[in-house]
Amino acid sequence: MNFLNEAANRYPTAISFASGRPAESFFSLERWLSAVPLFIDHMARENGFSVALAEKRLAQYGPTAGIIEALIAEQLRIDERIECEPERIIVTAGCQEALSLLIPALCRAPGDVILARNPTYIGATGVADFAGIEIVPVEPLAGEDWAHTLTRLAQELRRAGKTPRGLYLTPEFDNPTGTVLSELERRSIIAGCAEHRIVVLEDNPYGMFRFEGAATPAMAALDDVGCVVYLATYSKTLCPAVRVGAAVVPKRLFGSVGEADRLLAELGERKSFVTVNTSQVTQAIVGGVLLKQQCSLGTVIEGPRLHYRRNRDALLRALDLAFGAGHEGVAWNRPEGGFFLSLSLPFEFGRDETAACAREQGVIVMPMTFFTLDETHRKEVRLAFSNTDEGEIEAGVARLARYVDTQSSLVQ
Ligand SMILES: Cc1ncc(COP(=O)(O)O)c(C=O)c1O
């Protein structure tokens, strides 16, 4: 991120496809803040407090697990079709805190490792790195289903004295690739993880931003064995500044109520030494908006969803125009939602190429190697289309095409 910020500062007129930030034009802080009194009234009613006391309590330290779990549970039920009890939810400072609590909680013994797809979101792998926990890439071989992949890998790891404890995934509109795991794949992952007692960390910041096609059930909704911890966030549906997310622990972990309760308790204990509790002021913002919206964010995200869809369409049109014919080695996917698309190029694209592309053509893209766990995917880049507009996308892809043409002619 520092490297990309530096590039953006150094070439301020460059068009950037690097940042996967939500579109700022839809932030509505004043409106969201105006929902806070709704939450304070609700808190007063729920606890039998006066409104004045509820306001004081809001400004005080609060319960580690949070104060909006019931509203979150209802929103997950309506918007994501996930059934969970509020008691299974711990409200966190964004999904990032949930990851930094969960990954070390799962990997406590030497040799415990986390599995992740490759490439993967660096927020998850960064947590493991800093905790000294090994991250092992996992991807099925051609023709192999996920359950077999997980068995093969678990056996290999055990032979090396290692134990896979968790599998981090973004099944819906993955960051960085923009891809989706099918229901069949999700079920196969659950079967493999259940067999080898691997906890799935299902991260879903982009699931509500589907542009077309039928939604695939969340893994937490398919989980009949109790191996999926669901990670929610309001960073993309409202705004990142609230720093409100949640971890939802299943009622049973691999069939055991005790094991699930122990994990939940451990997360609470760890959190109490990290952030004590998630800011109650920003929980009140999220809670107030949820109350105002009858616990569904469908209408709140409609504007941004259409914006992201227009941008995705503009990006696909621009790519078709620039690379549609006669560009061997250039290919891209067509994401049905989310913020990201991955583009393959006929040459390697790393740090030097990012800098050269920004300097020579005025466009910044993100090398896929920033997300990889090994030396693969060296000829791919991630294009984020969330916090930009159609005009920039058109101009940016034309600039990128000029860089690709110049490089391809040098390579030949
Ligand atoms: C896959 C993924 N998970 C989590 C996050 C961060 O979530 P939060 O802002 O809730 O910490 C992001 C943000 O870019 C993301 O792409």
Side-chain angles (χ1 to χ4, degrees), residues 1-2 4-5 16-24 27 66 68 72 75-76 79-80 89-103 114-130 135 166-181 200-210 218-220 228-248 267 271 274-275 278-279 282-283 285-286 289 297 301 304 308 335 337-342 366 368 370-373 382-388:
M1 284 315 291
N2 284 345
L4 288 164
N5 288 339
S16 179
F17 292 109
S19 147
R21 294 176 169 196
E24 279 162 28
F27 293 168
I68 58 169
I72 293 178
Q75 191 248 327
L76 293 179
D79 288 339
E80 310 283 359
I89 294 179
I90 174 158
V91 183
T92 52
C95 165
Q96 193 59 42
E97 193 198 10
L99 288 169
S100 49
L101 298 173
L102 271 156
I103 291 174
I114 285 287
L115 310 180
R117 299 186 71 195
N118 187 32
T120 202
Y121 172 58
I122 43 184
T125 49
V127 166
D129 259 346
F130 274 108
I135 312 139
L167 165 59
Y168 170 77
L169 289 170
T170 305
E172 199 79 349
F173 312 127
D174 174 50
N175 178 8
T177 62
T179 54
V180 166
L181 287 170
V200 177
L201 305 181
E202 180 183 25
D203 188 5
N204 190 20
Y206 307 106
M208 286 196 72
F209 300 101
R210 174 171 280 284
M219 291 182 72
V228 178
V229 174
Y230 184 84
L231 306 176
T233 177
Y234 294 93
S235 286
K236 307 296 151 77
T237 45
L238 294 182
C239 66
V242 290
R243 307 309 304 134
V244 174
V248 185
L267 294 179
K271 183 176 168 66
V274 180
T275 48
T278 303
S279 160
T282 60
Q283 287 189 74
I285 297 176
V286 175
V289 174
L297 294 178
I301 62 133
Y308 301 138
F339 287 16
F340 309 105
L341 172 151
S342 57
M366 191 87 133
M368 202 58 92
F370 283 17
F371 301 92
T372 49
L373 300 167
R382 183 193 80 172
L383 300 182
F385 51 82
S386 51
N387 194 20
T388 178

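Given the structure is predicted, the values throughout are model-derived calculations rather than measurements. When a ligand or atom number is given, it counts from 1 through the structure's own listing order. In this chain, numbering begins with 1 at the start of the sequence shown.
- Taking every non-hydrogen atom of Pro205 and a distance limit under 4.0 Å, the qualifying atoms of ligand 1 come out as 1 (C), 2 (C), 3 (N), 15 (C).
- Heavy-atom separations between Phe173 and ligand 1 are all 4.0 Å or longer.
- Proximity annotation for atom 2 (C) of ligand 1: of Asp203, Asn175, Thr92, Asp203 comes nearest, heavy atoms only.
- Counting only heavy atoms from C-beta outward, the side chains of Cys95 and Asp203 approach each other to under 4.5 Å.
- The shortest N/O to N/O separation between Cys95 and ligand 1 falls below 3.5 Å.
- Atoms of ligand 1 lying under 4.0 Å from at least one heavy atom of Ser235, given by number and element, are 8 (P), 9 (O), 10 (O).
- With contacts defined as side-chain heavy-atom distances shorter than 4.5 Å, the pair Leu341/Phe17 does not qualify.
- A heavy-atom distance below 4.5 Å is not found between the side chains of Glu172 and Glu202.
- Considering only non-hydrogen protein atoms, atom 13 (C) of ligand 1 sits nearest to Lys236 NZ, 2.8 Å.
- Atoms of ligand 1 found under 4.0 Å from any heavy atom of Tyr168 (numbered from 1 in listed order, with element): 1 (C), 3 (N).
- Interface atoms of ligand 1 facing Arg243, defined by a heavy-atom separation under 4.0 Å, are 8 (P), 9 (O), 11 (O).
- Side-chain contact between Tyr308 and Phe339 is present, with heavy atoms from C-beta onward closer than 4.5 Å.
- Residues Ile72 and Tyr234 are in side-chain contact: their nearest non-hydrogen atoms beyond the backbone lie under 4.5 Å apart.
- Counting only heavy atoms from C-beta outward, the side chains of Thr170 and Asn175 never approach each other to under 4.5 Å.
- The ligand atoms of ligand 1 that sit less than 4.0 angstrom from a heavy atom of Thr170 are 1 (C).
- Remark: the Arg382 side chain and the Thr177 side chain contain no N/O donor-acceptor pair separated by less than 3.5 Å.
- Interface atoms of ligand 1 facing Gly94, defined by a heavy-atom separation under 4.0 Å, are 10 (O), 11 (O).
- Ligand 1 has at least one atom lying under 4.0 Å from a heavy atom of Tyr206.
- Two residues are said to be in side-chain contact when any heavy atoms from C-beta on lie closer than 4.5 Å; Val248 and Glu80 fail this criterion.
- Within the 4.5 Å cutoff, side-chain heavy atoms of Phe27 are placed close to those of Pro22.
- For Glu97, no heavy-atom contact with ligand 1 is shorter than 4.0 Å.
- For atom 5 (C) of ligand 1, the nearest non-hydrogen atom of the protein is Tyr121 OH, 3.2 Å.
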